[in-house]
Number of protein chains: 2
Amino acid sequence: MISFDTFKPGDGTPIYLQILLFIKRGAVAGTILDGDELPSRRVLSALLGINPNTVQKAFRMLEDEDLIESQTGAKSTMKLNDEKIVKLREDLLREDIRSITESLRQMGITREEAVRLIERFWDEE
Amino acid sequence: MISFDTFKPGDGTPIYLQILLFIKRGAVAGTILDGDELPSRRVLSALLGINPNTVQKAFRMLEDEDLIESQTGAKSTMKLNDEKIVKLREDLLREDIRSITESLRQMGITREEAVRLIERFWDEE
DNA sequence: TTGGCTGTATTATACGACTAGTACAGTTGC
DNA sequence: GCAACTGTACTAGTCGTATAATACAGCCAA
């Protein structure tokens with residue numbers, strides 16, 4: 001059963017997107033595996049203190065991307081393979097890096113400064 | 001007059017926040033200086049193809065942070081000094097770095113991999 | 001078999017972001 | 001002075017996110 005212990009809703013990002021990203025990043029990290037059972041919509045929503053419909057929206061999108069399998073009455077399970085994971089990793093990384101480089105460049109930060117900042121703040125907090 | 005030529009609304013971030021960040025990052029980069037005139041609400045909204053109220057919301061928040069000065073009838077101007085800029089730089093950098101490190105860590109990326117990714121993708125696009 | 005769980009669907013409500021339109025007071029340049 | 005600009009304020013409406021409550025059909029273990 002996939003654990004959401006490390007999941008903490010934050011920023012202003014829609015909750016359903018945060019759930020989506022949490023699952024995808026777990027799949028990339030290898031902490032979430034093919035066949036793993038997801039918590040039920042009701043259980044997870046109670047756990048996170050949010051509405052079941054919000055969880056359902058996230059799970060529905062995961063199913064639309066063929067990353068989970070659902071059938072009425074039974075728990076949903078992860079549906080992963082190497083190809084999907086490689087693609088997920090590329091997509092997520094590309095967007096993260098694109099976002100940070102654009103942001104830092106707008107502030108006039110150089111590549112060398114950016115690297116130094118990452119090295120310095122990586123292990124904080 | 002501050003130019004918004006490089007401003008391109010994107011992601012799902014609220015437009016008024018994107019305008020806010022554009023100004024703040026420009027101040028940090030030194031491309032926007034103390035005393036600089038801002039385009040009028042109406043002109044900027046027409047330029048960006050958005051509603052004047054959205055621009056007003058961003059400008060209002062900048063004034064609440066004492067980063068611009070506005071008076072009825074006259075154009076708004078930037079209100080900066082070294083102390084404010086240092087603080088802006090720290091706040092913006094901290095949030096950017098926090099965001100990217102958290103995201104990459106959730107994907108199981110190490111510090112060394114993160115640095116390599118930044119170095120590799122910095123000059124792309 | 002049966003009761004409690006599962007996924008799925010529907011309706012209604014609330015709020016923030018954004019748009020549209022209008023109005024009014026004050027500045028600026030000719 | 002006056003016309004054209006400026007900032008500010010307000011109402012009304014749409015859309016996406018999130019909540020709340022309810023309902024139904026299918027799985028599964030005791």
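Values below: all heavy atoms of this structure, side chains included; hydrogens, waters and symmetry mates excluded. Below, chain A is the first sequence line, B the second, and so on; all start at residue 1.
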Review point. Charged N to carboxylate O under 4.0 angstrom, A:Lys87 versus A:Asp82?
Key: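 Looking at A:Lys87 and A:Asp82, the cut-off is not met.
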
Review point. Hey, does the side chain of A:Arg60 come within less than 4.0 Å of C:dT8's phosphate (OP1/OP2), counting only N and O?
Key: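 Answer no for this pair, as no side-chain N or O of A:Arg60 is under 4.0 Å from OP1 or OP2.
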
**Study point:** Any A:Arg41 side-chain nitrogen or oxygen under 4.0 Å from OP1 or OP2 of C:dT8
**Key:**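 So the side chain of A:Arg41 is within the cut-off, an N or O lying under 4.0 Å from OP1 or OP2 of C:dT8.
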
Review point. Using a cut-off of 4.0 Å on non-hydrogen atoms, how would the nucleic acid contact of A:Phe59 be classed: base, sugar-phosphate, or nothing?
Key: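 Here A:Phe59 touches no strand at all.
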
Exercise for review: Using only heavy-atom distances, decide whether a donor-acceptor pair under 3.5 angstrom links the side-chain of B:Asn51 to the base of C:dA20.
Suggested key: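 Per atom types, the contact qualifies.
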
**Study point:** Side-chain N,O (A:Tyr16) to OP1/OP2 (D:dA18) below 4.0 Å
**Key:**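 Checking D:dA18 against A:Tyr16, no side-chain N or O comes under 4.0 Å of OP1 or OP2.
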
Review point. Considering all heavy atoms of both residues, which atom of B:Val55 and which atom of B:Arg41 are nearest to each other, and what is their separation?
Key: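 Closest approach of B:Val55 to B:Arg41, heavy atoms only: CG1-CA, 4.0 Å.
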
Review point. Expressed in angstrom and rounded to an integer, what is the separation of B:Leu17 atom CG from C:dG16 atom C1'?
Key: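 Computing the B:Leu17:CG to C:dG16:C1' distance gives 11 Å.
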
Practice item. Output yes when at least one side-chain N/O atom of B:Thr54 is less than 4.0 Å from OP1 or OP2 of C:dT19, else no. Key: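 It does, given that an N or O in the side chain of B:Thr54 lies less than 4.0 Å from OP1 or OP2 of C:dT19.
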
Point to revise | OP1 or OP2 of C:dT28 under 4.0 Å from side-chain N/O of B:Lys75 | key: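 For C:dT28, neither OP1 nor OP2 has a side-chain N or O of B:Lys75 closer than 4.0 Å.
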
Point to revise | Phosphate contact (C:dT6 OP1 or OP2) by A:Ser40 side-chain N/O below 4.0 Å | key: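 Checking C:dT6 against A:Ser40, a side-chain N or O does come within under 4.0 Å of OP1 or OP2.
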
Exercise for review: Can you sort out the partners of A:Thr101 under side chain to side chain donor-acceptor pair (under 3.5 Å), two or more places apart, ordered by chain and number?
Suggested key: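 None.
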
**Study point:** Whole angstrom value for the distance that separates C1' of C:dG7 from CD of A:Glu63
**Key:**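 Nearest whole value for this atom pair: 9 Å.
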
Point to revise | 5′-ward residue of the pair B:Ala74/A:Asn53 relative to DNA chain C | key: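 The 5'-side residue here is A:Asn53.
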
Check your understanding: Is any side-chain N or O of A:Gln56 closer than 4.0 Å to OP1 or OP2 of C:dT8?
Key ->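 Yes, A:Gln56 has a side-chain N/O under 4.0 Å of OP1/OP2 on C:dT8.
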
Review point. Can a salt bridge be assigned to the pair A:Lys79 and A:Asp34 using a cut-off of 4.0 Å between side-chain N and carboxylate O?
Key: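 A:Asp34 and A:Lys79: not salt-bridged.
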
